[in-house]
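Working notes, beginning with the structure itself.
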Amino acid sequence: MTTASTTTISQHDFYGSEGSVSLSVIENMKEEYGLFVWPCSVILAEYVWQQRSRFRGSTILELGAGTSLPGLVAAKVGANVTLTDDSSKAEVLENMTRVCELNNLNCNVMGLTWGVWDATIFDLRPNIILGADVLYDSSAFDDLFATVSFLLQNSPDAVFITTYHNRSGHHLIEFLMVKWGLKCVKLVDGFSFLPSRKASLLSGNIQLVEIVLSCGKSAA
């Protein structure tokens with residue numbers, strides 16, 4: 001193999017009054033998207049850390065996980081985590097397994113292609129679905145929201161939490177939420193809860209949104 005020069009291990013630290021967590025992530029700069037820790041992933045991981053009492057003991061599914069930082073944090077704070085990415089991306093799925101081993105975490109790793117209804121998706125019953133920067137390709141939005149809607153219908157009390165760059169596709173996102181029977185119950189600026197030391201290293205207009213089935217409880 002000649003990929004050693006493009007492969008690196010990045011360190012990600014999370015601090016709290018009662019302790020801290022440190023995670024190592026294998027990144028490969030040759031990959032298009034799947035093996036790089038993007039700003040949306042850093043922000044969603046920080047949100048999981050700050051809301052760790054909510055995640056502890058929950059069943060978590062991360063969609064389009066890639067380097068899997070948010071899911072790894074959830075596992076570290078005591079969640080039962082399944083990490084998923086496109087079934088055709090064998091190298092990404094293999095990397096996810098290696099990252100779990102590197103951090104001594106026992107996560108389930110599986111292929112899950114948005115918009116494809118294979119046997120595995122019918123058995124998933126997550127309390128919380130995570131997705132960092134899964135809204136970057138507008139051509140995949142429909143398949144993503146169809147998948148999220150299906151998963152939420154299987155677990156009606158569940159929530160989908162995602163971070164995304166507020167690009168021109170924002171109105172399309174709102175339209176598709178309505179189309180697939182979903183609604184936003186929380187929308188915040190991703191930098192509003194990010195520690196300054198991390199915020200200074202990132203840029204962009206990043207939103208964090210929590211999405212539920214529209215037939216569920218209304219927002220407070």
Side-chain angles (χ1 to χ4, degrees), residues 10-16 21-25 27 33-56 58-85 92 95-96 99-100 103 105 107 109 112 114 126-137 140-141 144-145 147-148 151-152 158-167 169-170 173 177 182 184-212:
S10 57
Q11 204 72 22
H12 302 269
D13 301 312
F14 303 84
Y15 300 99
V21 160
S22 184
L23 289 160
S24 300
V25 173
E27 300 185 64
Y33 295 109
L35 296 178
F36 188 79
V37 179
W38 295 99
C40 282
S41 185
V42 173
I43 289 174
L44 183 56
E46 183 66 35
Y47 187 72
V48 172
W49 170 250
Q50 293 187 20
Q51 302 273 327
R52 53 193 175 277
S53 61
R54 175 185 182 187
F55 285 83
R56 190 174 295 120
S58 294
T59 300
I60 309 297
L61 175 71
E62 185 172 0
L63 297 174
T67 51
S68 312
L69 185 59
L72 295 175
V73 174
K76 204 74 171 176
V77 302
N80 176 21
V81 177
T82 297
L83 304 171
T84 72
D85 212 306
V92 175
N95 192 75
M96 289 156 63
V99 168
C100 290
N103 291 283
L105 293 171
C107 299
V109 174
L112 193 160
W114 305 337
N127 303 121
I128 301 173
I129 304 165
L130 298 174
D133 210 9
V134 290
L135 293 163
Y136 62 85
D137 179 5
F141 284 6
L144 171 65
F145 279 106
T147 299
V148 169
L151 290 167
L152 291 178
V159 60
F160 173 46
I161 307 174
T162 183
T163 46
Y164 66 95
H165 284 275
N166 193 1
R167 306 183 180 101
H170 185 68
I173 293 169
M177 279 198 289
L182 306 170
C184 169
V185 292
K186 185 172 188 177
L187 177 66
V188 295
D189 176 358
F191 287 89
S192 65
F193 55 84
L194 201 64
S196 57
R197 60 186 167 77
K198 292 186 179 182
S200 64
L201 302 174
L202 305 178
S203 61
N205 179 5
I206 299 175
Q207 304 290 321
L208 181 141
V209 62
E210 297 197 11
I211 296 169
V212 299

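Note that these values count all heavy atoms, side chains included, but never hydrogens, waters or copies made by symmetry. One-based numbering along the sequence shown.
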Query - Value rounded to 0.5 Å, distance of CG in L69 from CH2 in W38 - result: 14.5 Å
Query - Test side chain to side chain contact (heavy atoms under 4.5 Å, CB included) applied to S192 - qualifying residues, sequence neighbours left out - result: V188, D189
Query raised in the report: Considering residues at least two apart in sequence or located in another chain, which fulfil the salt bridge (Lys or Arg N to Asp or Glu O under 4.0 Å) criterion with E210?
Result: R54
**Report entry** Spatial distance of atom CZ (F145) from atom CE (M177) [nearest 0.5 Å]
**Finding:** 6.0 Å
Report task. Would you list the pairs meeting salt bridge (Lys or Arg N to Asp or Glu O under 4.0 Å) in which at least one residue belongs to residues 61-81, sequence neighbours left out? Result -> none
Query raised in the report: Less than 4.5 Å apart, any side-chain heavy atom of V48 and any of I60?
Result: no
**Report entry** Set of ring-ring contact (aromatic ring centres under 6.0 Å, His included) partners for Y15, sequence neighbours left out
**Finding:** none
Query raised in the report: Do the side chains of L135 and F141 get nearer than 4.5 Å, heavy atoms only?
Result: yes
Requested in this report: Taking salt bridge (Lys or Arg N to Asp or Glu O under 4.0 Å) as the test, write out the residues that go with R56, two or more places apart.
Outcome: none
Query raised in the report: Sequence neighbours excluded, which residues qualify as side chain to side chain donor-acceptor pair (under 3.5 Å) partners of K198?
Result: E46
Query raised in the report: If we only count heavy atoms from C-beta on, is the I206 to H165 side-chain gap below 4.5 Å?
Result: yes
Query raised in the report: How far does CG of L208 sit from CD1 of I43, to the nearest 0.5 angstrom?
Result: 8.5 Å
Between side-chain atoms of residues 127-134 and protein atoms elsewhere (two or more places apart, or another chain), which donor-acceptor pairs fall under 3.5 Å?
from	atom 1	to	atom 2	distance (Å)
N127	OD1	T59	N	2.7

**Report entry** Those residues that, when tested against H12, pass side chain to side chain donor-acceptor pair (under 3.5 Å) (two or more places apart)
**Finding:** S10
Query raised in the report: Is there a side-chain contact between C100 and L72 (heavy atoms, below 4.5 Å)?
Result: yes
Query - Results of side chain to side chain donor-acceptor pair (under 3.5 Å) for S24 - residues two or more places apart only - result: Q11
Query raised in the report: Ignoring hydrogens and geometry, is there a side-chain-to-backbone donor-acceptor pair from S68 to G66 under 3.5 Å?
Result: yes
Requested in this report: Kindly indicate whether the side chain of Y47, heavy atoms from C-beta on, has any atom under 4.5 Å from the side chain of T163.
Outcome: no
Report task. Evaluate the side-chain proximity of F160 to L151: yes if any heavy-atom separation is below 4.5 Å, no if none is. Result -> no
Query raised in the report: Taking only residues two or more places apart in sequence or in another chain, which ones pass side chain to side chain donor-acceptor pair (under 3.5 Å) with N205?
Result: Q207
Query - All ring-ring contact (aromatic ring centres under 6.0 Å, His included) counterparts of F55, not counting sequence neighbours - result: none
Query - Side chains of T67 and V99 in contact at under 4.5 Å (non-hydrogen atoms) - result: no
